[in-house]
Participant: 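I have a structure I would like to understand better, so I am pasting it below and will then ask my questions one at a time.
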Amino acid sequence: MTMQNKPVTSASEPTAFKFEWSMISRHGGVVALIAILLFNILITPNFLHPQTLFVNISQVATIAIVAVGMTLVIATGGIDLSVGAIMALSGALAPLIFTSPFAEANPELGLALSIVVPILVALACGVFNGALVSLLNVQPIVATLIFFISGRGIALVLTNGNLQTFTNPAFSYLGTGKILGFPFQGYLVLIIAACVWWVMAFTVFGRQLLAVGGNERAAELSGVPVKRVKIGAYVICAGLSGLAGLIVVAINSASDAARIGNLMELDAIAAAVVGGTLLQGGRAPIFGAILGAVIIQLVKYTLLANGVADEVALIAKAGIIVLAVYVQQARKE
Amino acid sequence: MQHLIEMSGIKKSFAGVVALQNASLHIEPGEVHAIIGQNGAGKSTLIKILTGVYRRDAGEVKINGNPSTVSTPREAQDAGIATIYQELSLVPLRSVTENVMMGYEPRTRLGTIDWKTAHARTREILERFGIHIDVRAQLGSYSTAIQQLVAIARAVSLNAQLVIMDEATSSLDDQEIEILFGVVRELKKEGVAVLYISHFLDELYQICDRVTIMRDGQTVGQRVIAETTKLGLISEMLGRDPEEIEAAGMTGLGGETTEPGRPLFEAKDISTKRGLKSVSLTLREGEIVGLGGLLGSGRTETARALFGMDTLRSGGIQNHVVGGNIRTPAEAISAGIGFLTEDRKREGIVPHMSVRENMTLALLPKLKKMGRVDRKRETELVERFITSLGIKTSGMEQPIRELSGGNQQKVLLARWLALEPDVLILDEPTRGVDVGAKFEIQSIIREYVDKGLGVVLISSEFEELVEGADRIIVLRDGYSITELENPGITEESLIAAIAHHHDEGARG
Amino acid sequence: DTPALAQKDSYRVGFAQMESNNPWRIAETKSFHDTAESCGWDLIATDAAGSAAKQVADVDSMIAQGIDVLFLPPREEKPLIPAVMKAKAAGIPTFLVDRSVDPNVAQAGEHFVAFLGSDFIEQGERAAEWLIANFPEDKGIIVELEGTTGSSPANDRKKGFDDRILQDDRFEIVASQTGDFARDLGRQVMETLLQAHPDVNVVYAHNDEMAIGAIQALELAGRKPGEDITIVSIDGTRDALQAIIDGKMGVTVESSPFFGPLACDVMKKYAAGEEIPGWVKVEDRVFTLDNAADHIDEAY
Amino acid sequence: MLDTTAFDLRRYIQGNNHSLGVWITLIALIVFGLLRYENFGGSYNISSFLNYNAMFIVIAVGMCFVIMTGGIDLSVGSVAAFTSVVAAYLSPYGIQVALPGAVAAGLAIGAINAFFVVVMRIPPFIATLATMLGAKGGALVISGAQTISIDWSSNFTKLGLEKAFGILPWTIVITALVVFGLWVLLEKTSLGRTVLAIGGGEDASIMMGLNVTRAKVLVYVLSGGCAGMAGLFLASGFGAGQPLEGIGWELSAIASVVVGGTLLTGGMGSITATVAGALLLGLVFNILNFENGRGVISLSAYWQMVIRGAFLFVVIVFQSRVASSAQKGAI
Ligand SMILES: Nc1ncnc2c1ncn2[C@@H]1O[C@H](COP(=O)(O)OP(=O)(O)OP(=O)(O)O)[C@@H](O)[C@H]1O
Ligand SMILES: Nc1ncnc2c1ncn2[C@@H]1O[C@H](COP(=O)(O)OP(=O)(O)OP(=O)(O)O)[C@@H](O)[C@H]1O
Ligand SMILES: [Mg+2]
Ligand SMILES: [Mg+2]
C-alpha cells in the first residue's frame with residue numbers, strides 16, 4: 001500500500017488493500033513465526049525432534065533475555081549498544097570469583113558471590129549508562145558506545161586476555177540444567193518476561209517509562225521523575241545482560257572475554273524491533289521481543305541446518321529482517 | 001463567477017473513525033472566508049484534504065473550476081494555496097530565515113543560496129508584522145507567538161491566490177491580531193482569498209465576508225457574515241436553540257468576587273536566567289490572579305519559575321501550603337501546584353498513550369498501591385472527568401493524538417484537576433477551544449476556584465482575563481509593573497495599563 | 001637485496017599484531033614481550049583489532065617512529081603488501097611471522113627478509129592424514145567447523161583437509177559451517193548440525209576452541225565424543241591436550257604461537273650477515289594420546 | 001515590544017557552539033602529541049595518518065548527512081568492504097574505470113537503503129542493519145570469501161600510494177574535494193537545507209512543501225556513495241579488495257559525527273566539525289601507538305580499548321558541557 005503513497009506520515013490511509021492486509025499485519029510476528037516453522041517442518045531434516053526444541057530454547061535464551069532489557073531502553077527512546085560488552089564483563093568476573101582461593105575455601109558462598117557480584121557490576125554499568133544519558137544528556141547511542149568500546153577492554157584487562165576454563169557443575173547449572181526435560185534458561189526467560197511484562201502493564205514505573213518515551217517534556221512537566229526512570233531502564237537492561245553473560249559462560253564452562261556477547265546488541269535490537277517495538281520509544285511489547293528473538297533464532301537455525309553458506313546466510317538474514325519488520329510496519333498506522 | 005475552491009461531498013475517516021461525512025466548501029476569489037465549528041467538527045481535516053496532507057475517501061475538489069490534482073502540500077503551494085496549519089509546521093531547530101524561506105530561497109548566480117538576500121528579505125517580510133528579531137537565530141528560541149507570526153509571514157510571502165489560516169491567532173494578543181488583520185485586508189485588496197478558521201467569533205465580524213459552518217463532519221451552512229448574528233452562528237454551530245445559549249452567557253469565568261482565603265504563596269522579586277527580571281505576585285485561596293502583558297513580557301516565564309522549571313536567580317517564593325522551595329516540576333506537583341502548558345503538542349500530550357493514561361499521568365504517585373496502579377480507581381476517575389468535562393472521544397482507550405485539539409486540551413485540564421491541587425497555573429487554558437467548550441472549561445475552573453482553588457491565569461484574550469481575574473498583575477519585559485483589581489477592570493483599562501507603561505518604556 | 005641490519009646491543013623493534021581476540025594471538029604477543037629483554041629489544045607492539053587496513057597504519061606509525069626491524073604477522077595476504085613495501089622503502093628489514101603475503105607481488109629476500117611460520121594448508125592435510133590412518137569405521141560422515149569466513153587460516157585449513165580427505169572415499173563432508181574460531185559459536189553450530197545430521201561420526205574443527213565447543217554440544221546431546229564420534233582439530237591448546245588425555249578428542253595438529261625466541265634468533269643471524277632462507281619453517285608436532293600428556297605443561 | 005535586537009550574540013552562540021568542544025579537544029591533542037613525541041609532527045606521520053583516515057572522514061561526512069535527517073546508516077562499513085572488492089576487480093582497467101565503478105556500487109547500495117527507508121518505511125536503523133548484513137554477504141559471495149588482488153601495474157595504486165604533485169597523497173586531495181562539495185551542498189543549496197529541516201521535523205517539512213522524499217533518498221544514496229569512495233581508498237591504499245574489512249566503521253563514523261556536535265535526532269549538524277571529529281578519533285590511535293613507542297609502559301591492546309572508551313567519555317562530556325552551557329535555555 002505504501003508503494004504509491006505520498007510522503008505523509010501522520011495520515012492513516014485505510015484502503016481496500018490495507019484492509020485485506022490487516023489480518024496478517026496485526027499479527028505480523030506470529031505469521032512470520034508460523035511461516036518459518038512450516039518451512040522447517042517441510043524442509044529441515046529431523047526438525048520435529050524434541051531435541052531440536054531443546055537446542056533452540058537453550059540458544060535463544062540469551063538473546064531473549066537481552067532483548068527484554070533492550071525493549072525497555074528503546075521504549076524510553078534510547079538504545080543500548082553496550083549489552084555485549086556488559087555480558088563479557090560479567091562473564092569474565094564469574095570464573096575469577098569462584099576460582100579464587102576464597103571461593104575454593106567456601107564453595108557455597110563463592111558460588112553465590114560469583115552470581116551476585118557480576119550482576120551487581122553489570123547494574124553499576126547500567127547506572128553509568130543511564131547517568132550519562134539522563135544527567136549529562138549524552139545521546140544514547142554514543143553514551144553506550146563508551147562501554148561498548150571499553151567494557152570489553154576492562155573484561156580483558158581483568159582476565160589478562162586469557163580464556164578462563166573451569167569445571168563447576170553448580171555454576172554450570174545456569175546454562176546446562178534441566179527441569180522437566182527443558183533447559184533451565186528457558187524457564188528463566190519466561191519468568192523474566194512475565195515479571196517485566198507485569199511491571200510494564202501494571203506499575204507506576206512502567207507507565208512512567210512509556211510516558212518518558214512518548215513525550216519526555218510532557219512527562220517531566222507531569223511530575224514524572226524522568227531521570228530516575230531512564231536510569232532504571234538502563235540498569236534493568238544492563239542487569240539482564242549481565243545475567244545473559246553468566247549463562248553463556250555457564251554453558252561453555254569457559255569464559256572468553258573477547259568473544260562473549262559479540263554482536264549481541266544487533267541481535268537484541270533486531271529482536272525487539274521485529275517484535276513490534278518502535279525505535280522512537282513509547283512502546284514496550286515484552287512478549288513481542290521474545291517472539292522476535294525466537295524468530296531470529298529460528299532463522300539462524302534454519303540457515304545453518306540446511307547448510308546455507310555463511311555468506312549467503314547473511315544475505316538471507318538481511319532479507320528476512322526487512323520482511324519481518326515490513327510486515328510489522330503495516331500495522332503501525 | 002467562477003469559484004476559486006469548490007469542495008463537495010467530502011468524506012474521510014481515520015481507521016474507522018469518521019472525521020468528515022459530507023463536507024463542502026466554496027470560496028470565491030479574493031474573499032475572506034471563515035470556517036467555524038466545534039472542536040472535532042472536522043475543520044482542520046477539511047483543509048488538510050484540500051492541501052493534500054490527507055487523501056479524501058470520497059468527494060470532489062475543484063480549483064478554479066478544474067478538478068484538483070493536488071496530492072502533496074508542495075503541489076498545493078504550487079497551485080497557489082499557502083497554509084498555516086493549526087499545529088505549527090515549522091522547524092524550531094533552524095533559523096528564522098530558513099523557516100520563512102525554506103523551499104524558496106533566493107539564489108546567487110552560481111545557483112547557491114544567497115544568504116544575505118535571504119536574511120534581508122526575511123527581515124523585510126517580518127517587519128510587515130511588526131516583528132524585529134534576529135533572523136539568524138534558531139526559531140525555537142522565540143516564543144510560540146512569534147513562531148506563529150513567522151508561520152503567517154511565510155505563508156503570506158508565498159504569493160498565493162489563497163492563504164489558509166487554521167487558528168492562526170490562537171497565540172496572538174490584540175495588537176498582533178490587529179496587525180494580522182491589516183495584512184489580511186491588504187491581501188484582499190490584492191485579490192488574494194483568505195480562508196480563516198477561528199474560534200473567536202468577534203474576529204470574523206471584523207474581517208470575514210462569508211462563513212461556512214461545520215458540525216460533526218458535515219457542512220451545515222454557509223452564510224454571509226453581515227447577515228448573521230453571533231448567536232445565530234453559535235446556535236447553528238452547536239445545533240442548539242439560540243435561547244438556550246443566550247441564557248448561559250458568554251464567559252464562564254466571571255463569578256462573584258468572594259472573600260479570598262488564606263494566602264497560598266508569595267513570590268517576591270523573582271528573576272530567572274530565561275529573562276525574568278523582577279516579578280512579585282501573591283495568590284490566595286479561591287482567587288484568580290491574571291497575568292497581563294504583551295508577547296514576550298514574561299508571563300510564561302513567571303509560570304515556569306513558579307512551577308520549578310526554571311531555577312530562580314534571585315528573589316524567593318514562599319509557599320504557605322508546604323514549606324521549602326520548589327526546584328522541579330515533581331516537587332511543585334507534590335506541593336499542590338499544577339501547570340497547564342500553553343504548548344499542548346510539545347509539553348502536554350503523550351501522543352501514543354490513551355486518553356486514560358494521559359489524564360492520570362501526573363496523578364500516578366497518588367494512584368499507587370504497592371507499586372501498582374490502582375486501575376479501578378483510575379478508570380472511575382477518568383470516566384468521571386470524561387463525562388463532567390464533556391470530552392469527545394470514542395472511549396478512554398483512544399490514543400490522545402486522535403482527538404481534536406480542543407478535546408486534548410480538556411484531557412490535559414482534567415490531568416490537573418484530578419490532582420486536586422491548591423494552585424493551578426493556567427497558561428492559555430482555552431487556546432484553540434471552541435466557544436461551547438471554552439465556556440465549559442471556564443465554568444469548571446470557576447467551580448473549582450469557588451471551592452478554594454487558587455489560579456494563576458495567563459491569557460492573551462483580554463476578555464477572558466478581565467472577566468475572570470480577581471486581580472491582574474501587568475508584566476513588561478520581565479518586570480511586574482502594576483496591579484489592577486476587580487471589580488473595576490475593563491478591557492480598556494487593562495490595555496491602557498499595558499500600553500501606558502509600554503509607551504513610557506519605549507520612550508525612556 | 002633487503003635492507004641491511006647493523007649489529008647492535010639494542011634494537012628498536014616493531015611488532016604489529018593483527019588482533020588479540022583469541023588465546024593464540026595473545027600467546028604470540030606475550031612471547032614477543034617475553035623475548036624482548038633477553039634479546040635487547042626496545043619493543044613497540046601495536047594491535048590492529050582485526051583490521052588489515054589498521055595494521056598497515058600501525059606499521060606506518062612505527063616507521064614514523066624510526067624502528068630498526070619489523071616483525072609482522074600479516075592479517076591478510078594481499079592487503080598487507082603496502083606495509084611490506086613501505087617498510088622496505090624506509091630501509092627497515094621485515095620478517096613476516098606466522099602468515100605470509102601474496103608471493104606474486106612480494107617475495108622473500110626481495111621485499112621482506114623471510115617468513116617464519118608453518119603452513120596452514122599442511123596443517124589441514126596432516127589432520128586429514130591422521131584421520132585416514134586412524135579412523136576405525138567404514139564410513140566417515142564429517143562435519144567441518146570453519147574458522148572466520150574469508151580469513152586465510154580458515155581458507156587454507158579447509159583446503160588442505162578437504163583435498164586430502166576426499167581422496168579417500170570412505171569419507172564424506174556433509175556439512176561445513178563457520179564457528180568463527182570461537183568456542184561458543186562452535187558449540188551452537190555443532191548443536192544445530194547434529195540435529196540435521198544425526199549420523200555424523202567425525203568432527204573436524206579449524207581450531208581447538210571450536211572443537212571444545214563441539215565436544216560440549218555432543219555431550220549435551222548425549223553423544224560420546226571420542227567413542228562414537230572422532231574429533232580432529234588444530235592448534236594444540238591446553239584444553240585440547242586435556243581432551244585428548246580424557247579420550248574425548250583424537251588429534252590436534254600443533255600450530256605454535258611461541259615465535260619470540262625464533263624471531264630473535266633469525267634477526268641476530270641476519271644482522272650478522274648470515275644467509276636466511278626465504279621460509280624459516282616451524283616444525284609442527286602432532287598431539288595424540290601417545291604424547292599429549294608429555295606436552296600439556298608447555299601448552300598455552 | 002517585539003524588538004529583540006537585530007543581532008543577538010547569545011542566540012548566535014546558542015546556534016553555533018555545538019562544535020566548539022571538538023575543535024578545542026583536537027587542537028589540545030595535537031599540541032600534546034607535538035610536545036610529547038618526536039617525529040609526531042614529521043611529514044611521514046602526517047601524510048600516512050591522513051591517508052589512513054581519509055576513508056573514515058569520507059564515510060563520516062556521508063553519515064553526517066543521514067544523521068541530519070534523523071536517520072542512521074549502519075551499512076557503511078560493509079559497503080566499503082563490498083566496493084573495495086568491486087574496485088579490485090576493476091583495477092586492471094585503471095583508476096578511470098575503478099573509481100566510477102566503486103562509487104557507483106556504493107550509490108547502488110545506498111539506493112537500496114533509500115528504497116527500504118523511504119518506500120517500504122522500514123526504520124533506518126533496521127533497514128541499514130539489514131543492508132549491512134547483505135553487503136557483507138554480497139562482498140564475500142562475489143569475492144569467493146577471498147581477498148582480491150589488485151592490479152599493481154595499472155595506475156590504480158597511484159591513488160592510494162602516491163602523492164599529488166609530490167606533496168599530499170591523492171586520497172587526501174580527493175577527500176578534501178568531497179568534503180568541500182558536500183559542505184557547499186549542505187550550506188548553500190536548498191536541498192541541503194531540506195536535509196536539516198527534515199531532521200528538525202519531518203511532518204513540518206512536508207507541510208512546508210519541501211521535497212522530503214527526494215532529500216531522504218539523496219542522503220542514503222550519498223552515504224552509500226561516500227562508503228563506495230572509502231572502499232576505493234581501501235583497495236588502492238591497502239592493496240586488495242577486502243570483504244572482511246569495515247567492521248565497526250559505522251560506529252566510529254557515528255561517533256565522529258556526534259563528537260562533532262551533530263544531533264543524532266537530526267536537524268542540526270556540521271560537516272567541518274564532523275571532519276574534526278573523525279580526525280580526533282583517529283588521532284587517539286596514532287597517539288596510543290606513539291605512546292607505546294616511548295617504551296615507558298607498554299599498553300596492551302586491552303588497555304588501549306579502555307583508554308579509547310575513557311577518552312570518548314571525556315570528549316563527549318566536555319562537548320556536551322560546552323554545548324549546553326549556552327544551550328540550556330532552550331530546553
Ligand atoms: N490523524 C488522525 N487520526 C485519527 N483521527 C483523527 C486524525 N485527525 C483528526 N482526527 C479526528 O477527526 C475529527 C476531526 O478533527 P479536526 O482536527 O479536523 O477537528 P477541528 O474541527 O479542526 O477541531 P479543533 O477546533 O479542535 O481544531 C476529530 O474527531 C479527530 O479526533
Ligand atoms: N522555549 C523557549 N526557549 C527560549 N526562549 C524562550 C522560550 N519561550 C519563551 N522564550 C523567550 O522568553 C521571553 C519571554 O517569553 P514568554 O513566553 O514568557 O512570554 P509570554 O508573555 O508568556 O508570551 P506568550 O504570550 O507568547 O506566552 C521571550 O523573549 C521569549 O522569546
Ligand atoms: Mg483544527
Ligand atoms: Mg506564554
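First the proteins, then the strands, lettered A, B, ... as listed; each starts at 1. Hydrogens, waters and symmetry mates are skipped; everything else that's a heavy atom, side chains included, is used.
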Participant: At a heavy-atom distance under 4.5 Å, which candidate from D:G199, D:S205, D:S190, D:G192 has the highest pair count against chain B?
Facilitator: D:S190

Participant: With D:V212 as reference, evaluate D:V118, D:T69, D:I198, D:V195 under the side-chain contact (heavy atoms from CB on, under 4.5 Å) test and give the passing residue.
Facilitator: D:I198

Participant: If you tally heavy-atom pairs under 4.5 Å against chain D, which of B:T108, B:L90, B:V91 wins?
Facilitator: B:V91

Participant: Among D:V257, D:V219, D:I254, which residue satisfies the side-chain contact (heavy atoms from CB on, under 4.5 Å) criterion with D:C64?
Facilitator: D:V257

Participant: B:E105, B:R94, B:R74: which one forms the most heavy-atom pairs within less than 4.5 Å of chain D?
Facilitator: B:R94

Participant: Identify which part of B:N99 has an atom lying under 4.5 Å from any heavy atom of chain D, answering side chain, backbone, both or neither.
Facilitator: both

Participant: Charged N to carboxylate O below 4.0 Å: is that the case for B:R107 and B:D114?
Facilitator: no

Participant: For the residue pair B:Y54 and B:F14, is the inter-centroid distance of their aromatic rings smaller than 6.0 Å?
Facilitator: yes

